[in-house]
Amino acid sequence: MKIWADYHTHTRYSHGIGTIEENVKAAIKKGLRTIGISEHGPGNIGLSIKLEDFYKMRQEIEVLKSKYRDIQILLGCEANVVSLDGDLDIPDDVLAILDYTMVGLHPLIWPHSLKDGISLLFENILARVVKSSGLLKKVMKQNTLALIRAISKNKVDIITHPGLHLPIDTAELAQAAAQYGTALEINAGHGYMTKEYVKIAKAQGAKFAIGSDAHHPKNVGNFKRALEIAKEVGLNKNDIINAE
Ligand SMILES: [Zn+2]
Ligand SMILES: [Zn+2]
């Protein structure tokens, strides 16, 4: 099984190290047919991505496309869910200039409202600190619902690193992901992914995407850990949208 596309890569537009061109060159070196640039939306606290940067990246990619004709270069994103209603931190007019949309939950975000901040930010932090099973259950339910609403309201291609930092109900999310045609990522970069997660999601009929989450060009196309999990669980190329 071979992965032919890396949809999850960062550059120095957010907190990555390399340029778009360096990620493209690294992808060519690794033999990928498609490279995606997927910066965080502006909702991440501490990451100074501005919405107008997506327009700059679009222009930069159009120039690179004529320079590197042997690889498909795509512009995507890793949007944040910023409300319990599933609102994203990237508006529709910006999503419209992108080639694909990825969405992920991140622990430090600028919430839509005070209520959303309490649910998605404060209670998640509190649940981790006090380790109360009642609160954990509550945040898991809220996190899962916010993601499900996000993929029901928006055309989302991939959910990045489900369950990283913020707990989710894998079976419930996977069922919705299968329904809305959204792939769940097996993230090769964070090292928290388990076989159990993949098994539960597969049983619900979900499809997967393998992503490097590279923050440095040298990690573009580095899928080692994710591929190991996929093999151990017995996934085949039909289960993974970027495998052949
Ligand atoms: Zn992320
Ligand atoms: Zn990422």
Side-chain angles (χ1 to χ4, degrees), residues 3-83 86-106 109-110 112 150-151 153-161 180-183 185 187 189 209-223 241-242:
I3 305 299
W4 54 269
D6 194 348
Y7 293 115
H8 195 166
T9 76
H10 295 277
T11 70
R12 58 171 75 143
Y13 272 99
S14 66
H15 57 158
I17 304 293
T19 61
I20 296 178
E21 185 164 15
E22 284 167 340
N23 280 16
V24 169
K25 281 182 176 169
I28 293 169
K29 230 175 162 180
K30 290 268 167 72
L32 295 179
R33 292 209 306 273
T34 295
I35 171 79
I37 306 298
S38 57
E39 291 302 5
H40 295 282
N44 272 88
I45 293 176
L47 298 177
S48 55
I49 262 278
K50 298 181 207 82
L51 284 176
E52 58 255 39
D53 284 341
F54 284 102
Y55 294 92
K56 281 191 207 160
M57 287 189 276
R58 181 81 270 173
Q59 281 181 348
E60 207 178 315
I61 283 175
E62 292 315 304
V63 173
L64 290 172
K65 272 163 128 175
S66 50
K67 193 169 167 188
Y68 299 96
R69 292 180 182 273
D70 295 338
I71 189 162
Q72 184 185 36
I73 310 169
L74 301 178
L75 177 61
C77 67
E78 187 178 9
N80 295 284
V81 180
V82 290
S83 81
D87 294 298
L88 304 181
D89 62 345
I90 303 179
D92 288 346
D93 57 331
V94 178
L95 290 177
I97 68 152
L98 308 181
D99 300 308
Y100 64 99
T101 300
M102 305 200 300
V103 163
L105 288 181
H106 294 93
I109 49 145
W110 298 109
H112 218 231
I151 64 172
K153 285 164 78 166
N154 303 280
K155 160 97 190 63
V156 176
D157 300 287
I158 298 168
I159 294 176
T160 60
H161 48 64
Y180 295 114
T182 303
E185 185 185 49
N187 188 294
I210 285 184
S212 72
D213 206 353
H215 287 70
H216 191 295
K218 75 172 194 292
N219 292 324
V220 169
N222 188 351
F223 304 121
I241 62 167
N242 53 343

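Because only heavy atoms are used, hydrogens play no part in the values below, and waters and symmetry mates are left out as well, while side chains stay in.
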Practice task
Could you pull out all residues at least two apart from Tyr100 that satisfy ring pair (Phe, Tyr, Trp, His ring centres under 6.0 Å)?
Solution key: Tyr7

Handout entry: Any residue meeting ring pair (Phe, Tyr, Trp, His ring centres under 6.0 Å) with His40, in chain and number order, not counting sequence neighbours
Key = His10, His15, His106

Any donor-acceptor N/O pair, [X] side chain to [Y] backbone, under 3.5 Å:
X	Y	result
Glu22	Thr19	yes
Asp6	Gly221	yes
Asp157	Met102	no
Ser14	Glu39	no
Thr11	Gly16	no
Glu185	His161	yes
Asp53	Lys50	yes
Ser212	Gly189	no

Using every non-hydrogen atom in the two residues, find where [X] and [Y] come nearest and quote the distance to one decimal.
X	Y	value
Ile109	Val81	CD1-O, 3.6 Å
Ala26	Pro217	CB-O, 3.3 Å
Asn222	Lys30	N-NZ, 4.4 Å
Ala214	Val220	CB-N, 3.5 Å
Gly104	Thr160	CA-OG1, 3.2 Å

Rounded to the nearest 0.5 Å, how far apart are [atom1] of [X] and [atom2] of [Y]?
X	Y	atom1	atom2	result
Ile28	Ile71	CD1	CD1	5.0 Å
Ile90	Cys77	CD1	SG	4.0 Å
Asn23	Arg12	CG	CZ	10.0 Å
Leu64	Ile73	CG	CD1	5.0 Å
Phe54	Ile97	CZ	CD1	8.0 Å
His8	Asp213	NE2	CG	3.0 Å

For [X], what residues pass the salt bridge (charged side-chain N to carboxylate O under 4.0 Å, His left out) criterion, not counting sequence neighbours?
X	answer
Lys29	none
Lys218	none
Glu21	Lys67

Problem - salt bridge (charged side-chain N to carboxylate O under 4.0 Å, His left out) contacts touching residues 89-100 (sequence neighbours left out) - result: Arg58-Asp99

Hey, are the side chains of [X] and [Y] touching, using non-hydrogen atoms and a 4.5 Å cut-off?
X	Y	answer
Trp110	Val82	no
Leu105	Asn80	no
Val103	Asn154	no
Ile35	Thr9	yes
Ile20	Met57	yes
Ile241	Ile158	yes
Ile49	Asn44	no

Practice task
Count the heavy atoms of every other residue, nucleotide or ligand shown that sit under 6.0 Å from NZ of Lys25, and state whether that count exceeds 12.
Solution key: no

Practice task
Tell me, yes or no, whether the heavy-atom count around Glu52 atom CD, taken from other residues, nucleotides or ligands under 6.0 Å, exceeds 12.
Solution key: yes

Exercise for the section: Could you give me the CA-CA distance, side-chain angles and deciding distance for Leu88 and Leu95, then say whether side chain to side chain contact (heavy atoms under 4.5 Å, CB included) is met? Expected result: CA-CA 10 Å; Leu88 304 181; Leu95 290 177; 4.2 Å; yes

